[in-house]
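To start, the structure under review is shown below, and the notes come after it.
Predicted model, so just to flag it, every value in this text is computed and none were measured. To find a chain, count down the sequence lines: A is the first, B the second, and so on, and within it residues start at 1.
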Amino acid sequence: MTDMTETRRAGFFRALLSSRAGMLGAGLLALIVLAALLADWLPIANPTRRSLAIRLLPPIWAEGGVPAHLLGTDAQGRDILARIVHGARSSLIVGMAAVALSGLIGMVLGLIAGMRGGIVDIVLMRIVDAILAIPTMLFMLVVALVAGTGIAPLVLVIAATNWVNYTRIVRAEVLRVKDMDFVAAARISRVGTIPLMLRHIVPNILPAFVVVATLNVGSVILTESSLSFLGFGIQPPAISWGQMLSEGREVLATSWWVSTFPGVALTLTVFSIILLGDWLRDHLDPRLP
Amino acid sequence: MILRALGRFVLQAVPVLYIVSLIVFVLVYLTGDPTVMLIPEDATEADRLRLVAAWGLDQPAHVQYLRYMGNLLRGDFGQSYYYGTSALPVVLERLPATLLLTAGAMVVAIVIAVPAGIFAALRRNTPVDFAVSGMAVLSKAMPNFWVGIMLILIFGVQLRLLPVSGAGSFAHLILPAVTLGTAFAGDLAKLVRASLLEALGQDYIRTARAKGIPSSVIVLKHALRNAAIPAVTMTSLNVIALLGGALITETVFAWPGLGQLVVQAIYTKDMAVIQIAILVITVMTLLINFITDLLYRLIDPRIRL
Amino acid sequence: MVYRLTSRWNAVPRPAESAAHREMKMTTTRRNVLRLLGSSALAPVVLSVPFAGAALAQAQQVLTIAQSNDILSLDPANHGNNSTESALINIYDYLVRKEFTDGQMHFEPNLALSWETEDQIRWTFDLRDDVKWHDGTPFTAEDVKFTVERTQGDSSLRNTSKFHTIAEVNVLGPHRLEVVTDGRDPLLLHAFVGNGSLIIPKHAFEAAADAEAFFASPIGTGAYRFGRWQRGDRLILERNDDWWGGAPHWNQVVIRGIPETSTRVAELLTGGADIATNIPPEDIERVTGNGATDIASFNIARNFALHVRNEEGFVTHDPRVREAIDLAINREEITQYILAGYGTPTRGLYPPEIPGYNPDLSADGAYDPDRAIELIEEAGAEGAEIVVNTPSGRWVKDREVAEAVVGYLQDIGLNARIEVLDWSVLNDRLQSDSLAEIYLWGMGSYIDASHLLNLGLLERFNPHWTDAEFEKLSGEVGDAATEEDRVAILRRAQQIITDARVRIGILYPKGIYGVSDRVVFPGRFDEMIPAEQVRLA
Amino acid sequence: MTGPVLRYRNAGIEIGGRSLVRGVDLEVHRNEIVALVGESGSGKTLTALSTLGLLPPTARFTADEAVLNGHDLRGLRTEGDWRALRGSDVGIVFQEPLSSLNPVLTIGDQIGEVLRYKRGMPRRQRRTEAADLLARMHLARPAELLDEYPHQLSGGMRQRVMLAIAMAGEPSLLVADEPTTALDNSVQAQVLELIVETAEQTGVGVLFITHDLSVVAQVADRVAVMRGGEILESAPVGRLFKAPEDDYTRRLIRLAPKVPAVMRDASLAQPAPPAPKPLLELRGITKRYSAGWRGQGTLALDNVSLMVNEGETLGLVGESGSGKSSLARIVTGLARPDSGTALFDGRDLFASTDNSDLQMVFQDPFSSLNPRMRIGDSIVEPLRARGMRRGALRDRAADLLETVGLRSAMFDRLPHELSGGQRQRVGIARALSVKPRLLICDEPVSALDVSVQADILALLERLRAEFRLTTIFIAHGLDSIYSVSDRVAVMQKGRVVEEGPRDAVFGAPQHDYTRRLLGAILDSDPDNSRFRRREETL
């Protein structure tokens with residue numbers, strides 16, 4: 001009865017529409033994603049073309065601003081608006097890819113730890129404790145040496161430390177779900193471990209997982225900007241907001257716009273993701289108020 | 001009871017410490033030869049190889065590891081390549097600053113977040129609540145270095161109210177503590193709000209209301225204490241995160257904490273310092289977990305150690 | 001536990017802060033009086049004995065220096081870091097000093113009053129006899145011998161090869177010694193200046209349990225005694241009233257490491273630092289416009305150059321492509337826009353202060369994009385992919401310079417792109433010879449231009465380039481009969497390597513310090529900040 | 001005698017525009033216990049809460065008259081207005097004693113609070129008074145209890161503490177909202193007795209909310225039957241049971257448990273039918289759950305031997321913690337015993353990998369169905385696990401749905417779209433899908449409303465015959481298994497203390513514990529009340 005599913009989906013959107021915060025988050029995020037997707041077709045300047053002659057132009061409304069560069073130019077004379085729009089891609093790709101990868105690893109290991117229990121669980125969770133103690137930077141350096149710098153290695157690094165959070169959450173959820181009667185019923189019926197996980201465990205921990213993952217996208221984007229601050233983030237020629245912020249802070253006191261606009265973009269994105277995530281939590285996860 | 005908890009603490013610590021040290025060793029080994037970073041720019045390959053031999057870096061990895069572990073068991077924590085001195089004091093002397101900053105940040109966070117969270121919960125779905133939620137989200141969405149630099153520009157440079165950087169006095173602590181504390185206050189306020197709301201929805205609150213006692217007693221005595229466990233958990237997680245990772249704030253405020261040291265050591269592949277720093281952080285983490293457990297017990301008599 | 005730590009933390013005395021705050025609160029009258037006193041003491045020779053009356057007043061003063069790097073070690077022989085050296089020169093002394101007056105480098109007496117050599121093999125030094133270590137023990141020739149032999153004898157020290165040309169040190173008297181080199185060494189005096197050269201006390205070092213114990217609270221002969229060191233934060237030095245050079249100017253010297261540029265600038269602007277190193281060009285306006293601070297800019301011993309691969313398999317194997325790269329770069333524009341003029345465009349590798357620099361390698365007429373395009377076409381390299389490696393933040397505007405270079409290479413039809421590498425990764429790839437076609441390097445702190453002819457070093461930075469004449473010159477330079485001959489060889493060597501375009505000089509950056517109006521410090525070519533050369537305004 | 005403590009005339013409660021309670025007339029006098037009876041959703045609890053102003057914020061209370069102890073409740077709007085009445089004019093005992101007591105505060109604190117704010121007692125006096133209150137609730141060592149926390153108490157003790165809290169403010173009206181539903185049977189009787197005694201001694205009027213007519217018969221003076229937000233019928237207890245006017249009341253009375261005749265007259269016992277061959281034989285099953293890394297652990301099952309004969313229903317009775325659920329887990333293969341053997345039809349049960357011999361129906365209709373799985377899929381899952389083809393599954397599911405009395409079109413529904421009774425039917429269909437020989441029913445109806453319980457029990461009875469099932473029927477009290485069992489086994493603290501033919505166990509119990517459980521059975525005949533102490537006043 002597909003109409004039933006559709007009703008549920010419609011209910012989801014109706015609930016979203018009725019939540020001001022959720023709508024704000026979803027709308028903003030949709031706008032940002034759209035801009036990132038359409039970056040190449042938008043009527044904006046070439047984000048990498050530099051011209052030292054027009055460096056540090058202020059935004060259009062400030063004195064000295066020119067219409068060709070709405071939000072001004074950076075220290076290399078590149079158009080800030082164009083860089084923000086193109087930078088959205090890296091930031092979102094890093095956020096989503098790192099979350100997807102670490103979520104996948106965390107899901108698998110969390111399922112194993114939660115379902116198997118015993119020594120497997122103990123060893124896995126001790127490894128998780130250990131990984132939490134090791135700074136991301138160390139992974140970053142190893143990966144940078146082995147795989148170079150770029151979006152893919154960055155995603156790898158963030159995933160290398162981030163998976164532990166998912167493992168913990170998934171394990172805790174598995175422990176919660178696996179003692180429920182419907183799991184017992186499946187076991188009495190000798191349902192195999194894999195179908196048991198896929199049909200009973202995973203669908204029931206997915207809402208909590210999705211909420212955590214959504215919120216995590218925001219923090220990963222922030223992590224990228226922090227790594228940029230330390231010189232480890234996305235490197236040119238790729239563009240990221242973290243990189244722009246980090247470059248712009250050098251001229252923060254004299255040319256505020258260089259770092260302020262990417263900062264605003266970053267903050268807005270994370271803001272929208274958190275709003276959406278919070279709403280998702282309220283909507284999907286009945287265990288929380 | 002406490003002894004048993006301590007026993008569990010040690011039992012938990014030993015394997016974790018071992019796994020940590022092994023992973024760290026492998027990772028640092030993979031980052032390559034530290035001499036590359038440490039020799040003077042005008043040194044030749046021969047000079048470098050002399051250092052390699054002197055530091056025993058020409059030996060196979062497992063030999064280096066066994067030697068390292070052997071020394072460790074004998075209480076020798078090794079030499080810092082970068083600082084050219086025993087690694088242990090290099091790490092330990094950073095601890096007070098790190099602990100101080102962590103404590104300061106927590107105080108700031110709690111002072112902001114708990115009243116804000118209570119207020120938001122009691123004025124649920126009013127503009128006050130939305131404002132608190134909005135501020136909470138915003139505080140989390142702003143990168144730390146941005147906030148830190150802004151605070152310096154406003155309170156240090158413009159208003160000249162507070163010292164810009166460095167450690168030493170209470171005044172020095174304020175800006176970095178606020179930078180870190182506000183970042184965390186948002187989450188904490190949201191959590192306090194949520195757990196307070198949850199606690200207020202419990203049956204025992206209905207009982208308390210049915211007794212006809214004042215609302216303030218209901219909120220502060222009945223609900224807040226029950227809502228404290230998640231907040232304590234989150235605070236302890238954040239303390240743990242800060243113990244190893246106030247890196248950016250430390251850099252911005254030139255605060256001599258562990259974060260800067262660890263990153264410097266990672267940069268320079270300074271094995272002994274990385275190892276000890278991470279081991280110290282791990283021990284502190286486990287200690288915090290232990291203290292958290294004790295706190296749980298204090299707050300909630302149902303929790304047994 | 002936390003409470004106890006907190007109280008202990010607060011109990012630590014903070015002379016630097018309290019003094020700085022006192023300073024800020026001082027009335028104008030008092031400040032003017034001090035300024036008057038200070039100016040009366042402003043002697044023509046920087047290191048002269050100050051006027052005794054002024055010294056008293058100045059004894060109240062604290063000098064705070066904010067560097068961009070942390071101090072790594074108090075052991076002169078075991079660090080490789082300019083900021084550290086700049087701090088240590090206040091505690092210990094060199095045998096001789098380098099000064100750079102009139103744009104020329106020359107040696108001046110320090111612990112050694114004079115030196116002479118017939119053959120550049122046997123060198124005798126007459127040492128000062130009025131020097132005392134901070135513990136009151138007199139300084140003797142034995143200390144110099146000990147310093148040299150300790151550095152040579154401990155191969156785990158990072159500057160262990162500092163004295164590699166010295167065969168033996170013979171004590172001829174309490175204040176006279178002979179240094180014998182293993183062959184002619186025209187550069188011996190350089191070995192006694194710079195990282196690893198500061199003289200340490202034999203008696204105290206040997207009395208200490210180990211090196212670590214000694215350097216926990218080291219003593220030297222310098223103008224300032226070791227006070228307190230908080231790693232990652234500050235080194236505090238106290239005046240040494242028994243200094244052989246007279247009464248030191250500052251009551252206390254505080255040297256802080258502040259890695260974050262904007263914080264360093266903020267400290268300068270708010271009076272938290274008297275001198276702040278490495279001010280980025282963008283912040284100059286803030287510093288000069290502040291009314292209480294100014295900029296000191298000066299030439300430094302550093303150059304930016306592109307190191308270009310010349311071996312088979314790279315598009316830059318073709319000399320025409322390398323030449324085109326050389327011609328494509330608008331050095332004037334880079335200097336003007338990226339460094340805000342705080343630099344000197346050049347094709348050369350050593351600035352004029354460096355003995356043996358080549359004045360012919362100027363940037364005049366070096367920019368010829370049309371010719372560059374022709375060369376690229378001749379070489380059939382249109383659209384060839386070229387990657388430029390650069391660190392970011394290692395040297396002032398390094399990444400920005402590399403980005404600009406990439407832009408110029410794109411202009412002449414090359415498909416250039418930048419690959420920014422973390423400093424540690426860059427070094428690793430340099431070591432394993434796996435960098436791209438071009439990498440940007442800011443070589444610095446060299447002794448003189450013979451640095452270039454060190455084939456061991458050349459192999460590190462240009463592992464695939466050989467040239468018969470260059471190698472011949474490398475063999476000859478040590479035996480050059482006269483200084484003129486030596487300089488001629490050095491200039492020729494620079495000509496050869498820049499003509500081969502395996503190193504393409506871009507510019508000499510300037511040092512940019514922010515200096516409080518309260519003090520005077522013009523900056524030094526070697527980027528050292530001796531507290532005794534900083535004076536009250 | 002003054003007027004009633006509580007008087008409602010034409011009271012109504014609306015939430016979000018929906019009228020949940022209408023036209024309620026209610027009176028409670030001093031020294032009187034008035035029972036408000038109804039199933040879930042009848043509006044009885046809302047009515048009770050309205051007397052304390054504890055309705056949800058969105059609720060709207062209307063009445064022509066609503067007077068509590070002389071106060072007009074209609075004028076009370078704010079929390080502050082109500083605060084004055086709560087505790088001192090009206091007290092309440094809730095259903096779930098554990099969650100209703102604050103877990104982080106001591107008993108003394110929770111009682112003392114009322115004394116402080118309602119009676120303005122100074123600190124020292126509060127302690128004495130609180131201990132005194134506890135003593136009046138027949139709690140041993142009351143002074144020590146003051147410093148203990150709710151989790152350290154048993155369920156019965158907690159409910160006594162709740163009663164002490166409710167009475168601490170010396171209210172005129174006591175609302176008891178299903179006060180014994182969450183308690184074990186043997187404790188239930190004691191708490192009921194205490195409430196009756198309290199009413200008698202203090203003269204407090206009691207509004208007693210319950211779904212259980214046997215409780216009503218035991219304690220109430222007057223009864224009001226609620227359904228769908230309205231009061232169907234209101235009468236003195238004797239008259240209501242003897243001459244119910246409403247069909248619904250009649251049905252409730254019919255379904256209410258009665259004390260089996262054999263308990264009064266052992267000679268009525270029918271001889272046990274000859275034992276056919278045993279289907280399941282458990283021998284010496286022992287199971288210990290470890291408690292952490294050094295704890296002794298708890299002995300859940302202690303050398304349990306049990307037999308279930310082909311075709312019979314074994315009633316397995318035990319209060320919470322007796323080990324009956326552990327036994328079910330072991331029989332179904334969810335847990336492994338530490339020692340012991342089990343033969344199923346002569347084969348080793350623990351070696352079995354097939355799922356068609358044994359199935360289970362769970363107690364909680366909410367958690368026994370995967371909330372994210374369509375009910376059709378849930379039903380055929382055992383078949384799927386046995387490898388049945390996808391195409392055949394749907395037809396089979398449709399059959400099964402109709403077998404348990406559901407429409408086959410419900411295949412695509414999700415559990416949350418079903419009522420509790422429907423869910424339990426789905427659970428039964430799932431268990432029957434593989435045509436098991438042994439069905440374990442773990443309190444299959446205890447979470448359901450009385451009228452639904454009857455339907456499900458009837459369904460099980462029908463299917464038992466149809467599928468020729470052998471059944472283990474687990475329950476926490478003896479009252480609910482008399483009608484379904486052939487034989488009965490009683491468990492206590494991990495052991496089987498008594499086992500035998502039904503009538504033998506009920507008529508001539510051998511073990512003390514069995515006798516105690518039998519004693520806890522309440523008769524839904526007001527004439528057999530053990531607690532009521534006086535003639536009806538109205």
Side-chain angles (χ1 to χ4, degrees), chain B residues 1-12 14-15 121-126 195-232 293 295-305, chain D residues 48-49 51-57 78-106 109-119 147-152 161-162 165-166 168-169 171 174-175 177 291-295:
Chain B
M1 200 154 64
I2 287 194
L3 270 181
R4 197 160 129 194
L6 260 177
R8 194 171 51 199
F9 166 67
V10 171
L11 265 173
Q12 196 184 3
V14 171
L122 295 182
R123 302 262 183 288
R124 192 182 179 183
N125 294 336
T126 62
S195 30
L196 193 62
L197 281 176
E198 187 181 353
L200 286 171
Q202 295 297 316
D203 286 352
Y204 53 75
I205 296 296
R206 195 176 54 177
T207 306
R209 286 176 63 200
K211 290 175 180 176
I213 57 177
S215 299
S216 58
V217 176
I218 294 177
V219 171
L220 297 176
K221 183 167 152 193
H222 286 263
L224 200 57
R225 185 147 164 214
N226 277 287
I229 292 263
V232 166
D293 283 349
L295 270 177
Y296 286 165
R297 175 75 183 78
L298 259 177
I299 295 169
D300 190 338
R302 284 171 299 179
I303 297 170
R304 286 177 45 210
L305 285 170
Chain D
L49 291 178
T51 62
L52 289 104
L54 290 176
L55 292 173
T78 66
E79 192 75 6
D81 295 343
W82 280 103
R83 195 179 301 136
L85 264 67
R86 293 178 190 154
S88 45
D89 292 279
V90 53
I92 185 165
V93 176
F94 292 108
Q95 173 176 352
E96 193 56 67
L98 182 58
S99 66
S100 297
L101 287 169
N102 194 325
V104 304
L105 300 177
T106 60
D109 205 354
Q110 299 190 52
I111 299 173
E113 222 166 43
V114 186
L115 300 176
R116 175 176 171 193
Y117 291 106
K118 290 289 130 181
R119 288 163 66 185
D147 295 317
E148 287 180 12
Y149 292 93
H151 72 278
Q152 294 166 299
V161 170
M162 269 304 288
I165 290 173
L174 174 69
V175 178
D177 186 4
W293 61 287
R294 234 179 52 190

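For the residue pair B:Leu196 and B:Ala223, the shortest heavy atom distance occurs at CD1-CB, 3.7 Å.
With a 4.5 Å cut-off on non-hydrogen atoms, B:Ile205 does not touch chain D at all. Both the backbone and the side chain of D:Gln110 come within contact range of chain B, with heavy atoms under 4.5 Å apart. Contact of D:Glu113 with chain B is made through backbone and side chain together, with heavy-atom distances under 4.5 Å. Of the atoms belonging to D:Leu52, it is side-chain heavy atoms, and not backbone ones, that fall under 4.5 Å from chain B.
Side chain of B:Arg225 to backbone of B:Ile299: a donor-acceptor contact under 3.5 angstrom is found. Using a distance-only test at 3.5 Å, with no hydrogens or angles considered, no donor-acceptor pair links the side chain of B:Lys211 to the main chain of D:Lys118. Under a 3.5 Å cut-off, the side chain of B:Gln202 and the backbone N or O of B:Ala199 do not form any donor-acceptor pair. Under a 3.5 Å cut-off, the side chain of B:Asp203 and the backbone N or O of D:Ser99 do not form any donor-acceptor pair.
Counting heavy-atom pairs closer than 4.5 Å to chain B, the top-ranked of the candidates D:Leu98, D:Ile92, D:Val93, D:Asp109 is D:Asp109.
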